[in-house]
Amino acid sequence: MAANSIRERILQALVARLNPVATDQAATVWRTPSVSITREQCPALVVLPESESLAERANDRVTRELTVRITALARAVPPDIAETQADALLCAAHAALMSDVNLGGLALGVREVESEWEVDDADGVAASTSARYQITYRTLIADISIQA
């Protein structure tokens, strides 16, 4: 059986790092869900890989930049406010992610790129707070499962 790519191992490490955060805040973690997160599944952290680009090629190595969006979802359950709950969840996720910007040796670094907020009141007040992170790592040109 072939080894997983470094990218896949990074995504697995992100989810593993976020699981304790979610547990501490009575939330769930979802990686690239194929359907919408329901009210009962909130609060939730969603990990979405968005893109990857090649930053540099040197000899037989490639430096890659993986962009991942982490979204905190919350629904208002009085007396809590959805925006406040989503913000606290994303703050905890950010702290966990930035506690080891090398992701256990898989990455060269992690940097926050941007954040966005959204509030929807169609089905009770729901809040979504997202942060995008760029994760830089290096592989061999011929084999993305080998770290270089």
Side-chain angles (χ1 to χ4, degrees), residues 1-39 41-75 82-123 125-148:
M1 178 154 88
N4 284 359
S5 68
I6 303 300
R7 174 183 48 245
E8 174 60 22
R9 287 187 256 169
I10 286 171
L11 292 168
Q12 289 175 4
L14 286 176
V15 170
R17 176 128 341 137
L18 296 176
N19 275 321
V21 169
T23 299
D24 288 348
Q25 300 210 19
T28 55
V29 177
W30 300 87
R31 177 177 163 191
T32 320
S34 57
V35 296
S36 297
I37 304 297
T38 66
R39 174 181 297 279
Q41 293 168 320
C42 287
L45 284 170
V46 179
V47 177
L48 294 164
E50 290 189 334
S51 66
E52 183 174 85
S53 60
L54 304 182
E56 183 181 339
R57 294 177 195 189
N59 299 323
D60 63 344
R61 281 135 173 76
V62 177
T63 301
R64 300 171 183 274
E65 294 176 339
L66 173 64
T67 301
V68 176
R69 181 174 43 158
I70 297 175
T71 302
L73 300 171
R75 298 197 185 259
E83 296 95 319
T84 303
Q85 187 178 27
D87 183 71
L89 188 55
L90 190 60
C91 283
H94 177 84
L97 179 58
M98 299 310 266
S99 69
D100 174 14
V101 295
N102 297 109
L103 297 173
L106 290 170
L108 299 172
V110 175
R111 71 180 184 95
E112 186 178 12
V113 179
E114 66 181 359
S115 297
E116 56 189 45
W117 302 267
E118 187 176 324
V119 176
D120 184 6
D121 63 356
D123 181 24
V125 176
S128 167
T129 303
S130 296
R132 282 186 178 82
Y133 296 90
Q134 187 175 66
I135 302 166
T136 304
Y137 69 101
R138 193 173 292 132
T139 68
L140 293 179
I141 285 175
D143 191 341
I144 62 174
S145 69
I146 297 177
Q147 198 170 2

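Just so it is clear, the values below take in all heavy atoms, side chains as well, and ignore hydrogens, waters and symmetry mates.
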Inset, instruction - Kindly give the heavy-atom pair with the smallest separation between A74 and A86, and that separation in Å. - result: CB-N, 3.7 Å
Legend entry - Check: S145 and E8 side chains under 4.5 Å, non-hydrogen atoms: no
Legend entry - Option passing side chain to side chain donor-acceptor pair (under 3.5 Å) with Q134 (candidates E112, E52, R111): R111
Legend entry - L97 side, atom CG; I135 side, atom CD1 - distance, nearest 0.5 Å: 6.5 Å
Inset, instruction - Please examine the side chains of Q12 and N4, heavy atoms only from C-beta on, and report whether any two atoms are closer than 4.5 Å. - result: yes
Legend entry - Minimal non-hydrogen separation, A126 against R75, with atom names: CB-NH1, 3.7 Å
Inset, instruction - Give a yes or no answer on whether the side chain of R64 reaches the backbone of I6 with a donor-acceptor pair at less than 3.5 Å. - result: no
Legend entry - Side chains of L103 and R9 in contact at under 4.5 Å (non-hydrogen atoms): no
Legend entry - Check: S5 side chain, I144 main-chain N or O, donor-acceptor pair, under 3.5 Å: no
Legend entry - Salt bridge flag under 4.0 Å for residues R138 and E56: no
Legend entry - Candidate pair D100 and R17, rule side chain to side chain contact (heavy atoms under 4.5 Å, CB included), full reasoning: CA-CA 10 Å; D100 174 14; R17 176 128 341 137; 3.5 Å; yes
Inset, instruction - Decide yes or no for I70 and Y133: does some side-chain heavy atom of the first lie under 4.5 Å from some side-chain heavy atom of the second? - result: yes
Inset, instruction - Measure the spacing between OG1 of T67 and CG of L48 and express it to the nearest 0.5 Å. - result: 12.5 Å
Inset, instruction - Would you mind reporting whether I141 and R61 have side-chain heavy atoms less than 4.5 Å apart? - result: no
